[in-house]
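Have a look at the structure below, then the notes.
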Amino acid sequence: MNKNSSICKMQFSQKNTNTISKIMWGIVLRSRIERTIPFHSFHLRHYSSSHSQLPNYVHANLLKNGTFGELSVTNYVLSLYIKSKDLVCAFQVFDEMLDRDVRSWTMIISGLVQVGSCRMALDMFTDMHKEGIVPNHFTFSSVLKCCSTLNEVRMGKSVHGWIVCNGVFVDTALENSVLDFYVKCGSFDSAKLYFELMTDKDIVSWNIMINAYMQIGDMETALGVFRRLPVKDASSWNTIIRGHLQNDNYGIAMELLYEMVKSGTALSKETFSIAFGLVASLTALDLGMQIHGRLLRSGIHHDGFLRNSLVDFYSKCGEMEKASFVYQGFPKCNASDRCSKNNNKSLPHSFSQSLVTGYVQNGKLQEALKMFTTMVTDRFEVDKFTLTSIVTGCANAGLLELGQLIHAQIVKAGQPFDIFLSSSMIDMYAKCGELDDAWSIFRETKVRNTVLWTSVISGYGLHGRGRDAIQMFNWMLAEGIKPNEISFVGLLTACSHAGLLNEGMHYFMVMKEEFGIKPQVEHFTCMVDLFGRSGRLDGIKDFISKNKISNVASVWRSFLSSCRIHKNIEMAKWVSDKLFELEPPTAGSYILLSNTCASGDKWDDVAQVRGLMKDMGLTKHPGQSWIQLKNQVHSFVMGDRSHPEEAAIYSYLSELIQRLKEIGYSTEANIVMQDVEEEQKELLLAFHSEKLAIAYALMKTSTGSPIRIMKNLRVCTDCHSFMKCTSLLLEREIVVRDLRRFHHFKHGHCSCGDYW
DNA sequence: TTAGGGTTAG
């Protein structure tokens, strides 16, 4: 359950508007490492703590005393640079070498593999071949790793064939590389056969095979092999624990971790990383903190990778203060470092990109944007994980322009979209009202999974395009993609928003019977909503009793909402009694009841409900609307007079309402919660936040351009009618995102068909 | 041979 998924999560202020506009000036994207990318950027990215000044010192001295230039000496300097992962200097040396042997080439290739630049390593391998240098077993080891990383199955097999046919010297390390290649490329049978034929199996060979069984989901055999190992090293433990963690066997993973600690095997960096992943999945804060303590005692807590694991763990447990505290300990660099030639050396760990993600996941978008902005303005590279998180934040807060900017920068950088980024982009465009753009991304994404399809189905649902959502759902099935429970929430919501009762009932049955998905609270609530919107209040009663869900509060809340839509006061009272048996009354429930009574002019009841609310100290969450104009977010609340142009806004609004009345708009005063005089009711209605936002948008935008508004609550009947009339009178398209869905107003009609 | 983080709903 995602507790941060409500559409309107943050309140906008001038402060974060500035943040957003700063971001507009540029985004540094992580680029693919190819030959065209200047080497310094890759140096920046892959610098590791193992770096020291030693290679430069040795290099300088050798140059000074004139011994630099001999092949063996140059190779030695090259090896120092490779060990310290200083590929820039390594390439400088390599390029200047007059003579290069197999060791020179192999070192540069393995250096590239170490920093993850496999494509380039393969290019170097080709160049080496062209120069007539014969590869050795070290070269082949690196090349096979590239093949498995890049999933170059054919090439890997050819390399293996070449090794066999040419009688290359094969040691256990190379055999392990071949074995690992077959495992990583999913050729399990080949791996198994090769393993059986291996003459000298070491612990690495066994670890690779344990990993292979894990990959094919054969946990039992993997565990059996692991148990039979006479000597287990940290990798054996890490592999088996990680495998269980990835297969959601948290209990066994935890038991194995305890066993590893008891066995006395020293916990490696990898073990800690896996352990934090485990406690993060279980949101086991106390246990995680104990492991954190152990890490501090181990003395390896300065590792950047591990810090990010820790940040992630605390974020997943909702402990952002602790996550931020861990981040505070990250090595920092100052501005002069960044400007100097040899700067960039402490950069990669100075920012925790995991922290940005944590902020987004915990609904703290302001903090996330603040950190993101600093990264961008300081020209740090932003990786795809962070970008995906920021796009998700844009989706939740409706920051279309920032989302668009990120999209544009990714395209400009030639960065490929992966399925995570595509899904969040689709979601962002859908939640920001740009369904066509969401569709374009979807169309351009060639490999589609359930989440991607669900994003687009839900997007159509959000805009009331129920039939399109159904069409997409069927298309998804035709492409052989299986829907999950979230896909059905999206589909049923789409049916509900479009009033497609029969279709909704059909898919509810399909979900259970064809896909074996047990309905959850969310699905039941969708169905109750669907019956309610269709006016089938008695149908809801039957549905609740048939499905034995009378103990689910959200179902009764939805029922109460339907009573308000259909102005059924008696039913509303009965439903609210049921609801209050399950959960203490909330302001929201009381407001629903009070509005239902008000809609039937039952003012005594309204007064009683509001009296109860007052006695219990319950206050209504204020309605808030906002618009974005020229990189500025303008926020309005009901009756708010804090805007610098408030006098002009209120005057414009009063004038507009007078003109709207001439074409038939009448204030539906009965929805106001207080039994006040008619004139006063009208006044109150006139000040609803969305009306203020629309008035301001009309004042500030050119004729004919569409207006986009976001609101933190549902749109009230009167404002809905106001927007329909405005769209007709001023020939303006008005797009409103409310708490649940979109309304597109055009020529006096709304896309929701007055059914929301 | 083994390590972290990103997507979809209500």
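Here is how names work: the chains are called A, B, and so on, in the same order as the sequence lines, proteins then strands, and each is numbered from 1.
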Under 3.5 Å, is there a donor-acceptor pair between the [X] and [Y] side chains?
X      : Y      : answer
A:D233 : A:N207 : yes
A:S389 : A:T357 : yes
A:N238 : A:S235 : no
A:Y250 : A:D248 : yes

Which of these nucleotides, [options], is closest to any side-chain atom of [X]?
X      : options             : result
A:K184 : B:dA9, B:dT2, B:dA3 : B:dT2
A:R242 : B:dT2, B:dT7, B:dA9 : B:dT2
A:S389 : B:dG6, B:dT8, B:dT2 : B:dG6
A:S354 : B:dT8, B:dG4, B:dA3 : B:dG4
A:T493 : B:dG6, B:dT1, B:dA9 : B:dA9
A:S273 : B:dT8, B:dT1, B:dG4 : B:dG4
A:F305 : B:dG4, B:dT7, B:dT2 : B:dG4

Could you state the atom-to-atom distance from [atom1] of [X] to [atom2] of [N] in whole Å?
X      : N     : atom1 : atom2 : value
A:K201 : B:dT1 : NZ    : P     : 18 Å
A:I481 : B:dT7 : CD1   : P     : 20 Å
A:I517 : B:dA9 : CD1   : P     : 16 Å
A:I274 : B:dT2 : CD1   : P     : 10 Å
A:N308 : B:dG6 : CG    : C1'   : 13 Å
A:L267 : B:dA3 : CG    : C1'   : 13 Å
A:L257 : B:dT2 : CG    : C1'   : 14 Å
A:W439 : B:dT8 : CH2   : P     : 20 Å

Side-chain N or O of [X] closer than 4.0 Å to phosphate OP1/OP2 of [N]:
X      : N     : answer
A:R307 : B:dG4 : no
A:K145 : B:dT1 : yes
A:K384 : B:dG4 : no
A:K316 : B:dG6 : yes

Touch check for [X], heavy atoms < 4.0 angstrom, all strands: base, sugar-phosphate only, or nothing?
X      : answer
A:N176 : nothing
A:S309 : sugar-phosphate
A:I419 : base
A:I486 : base

Stacking check A:F385 vs B:dG6 (5.5 Å / 30 deg):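 No, aromatic ring not over the base.
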Planes under 30° and centres closer than 5.5 Å, is that true for A:F272 with the base of B:dA3?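 No, the aromatic ring of A:F272 does not stack with the base.
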Would you state whether a donor and an acceptor, one from the side chain of A:S455 and one from the base of B:dT8, lie under 3.5 Å apart?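 A donor-acceptor contact between them is absent.
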With a 3.5 Å cut-off and just heavy-atom distances, do the side chain of A:D418 and the base of B:dG6 make a donor-acceptor pair?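 Donor-acceptor pair under 3.5 Å: yes.
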I need the single residue from A:W475, A:F473, A:Y460 that forms a ring-ring contact (aromatic ring centres under 6.0 Å, His included) with A:W453. Which is it?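 The residue from A:W475, A:F473, A:Y460 that satisfies ring-ring contact (aromatic ring centres under 6.0 Å, His included) with A:W453 turns out to be A:W475.
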Parallel, tilted or perpendicular: ring planes of A:H160 versus A:Y182, cut at 30 and 60 degrees: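 Plane angle over 60°, so perpendicular.
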From A:Q353 atom CD to A:Y327 atom OH, the distance as rounded to the nearest 0.5 Å: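 Spacing of CD (A:Q353) from OH (A:Y327) equals 11.0 Å.
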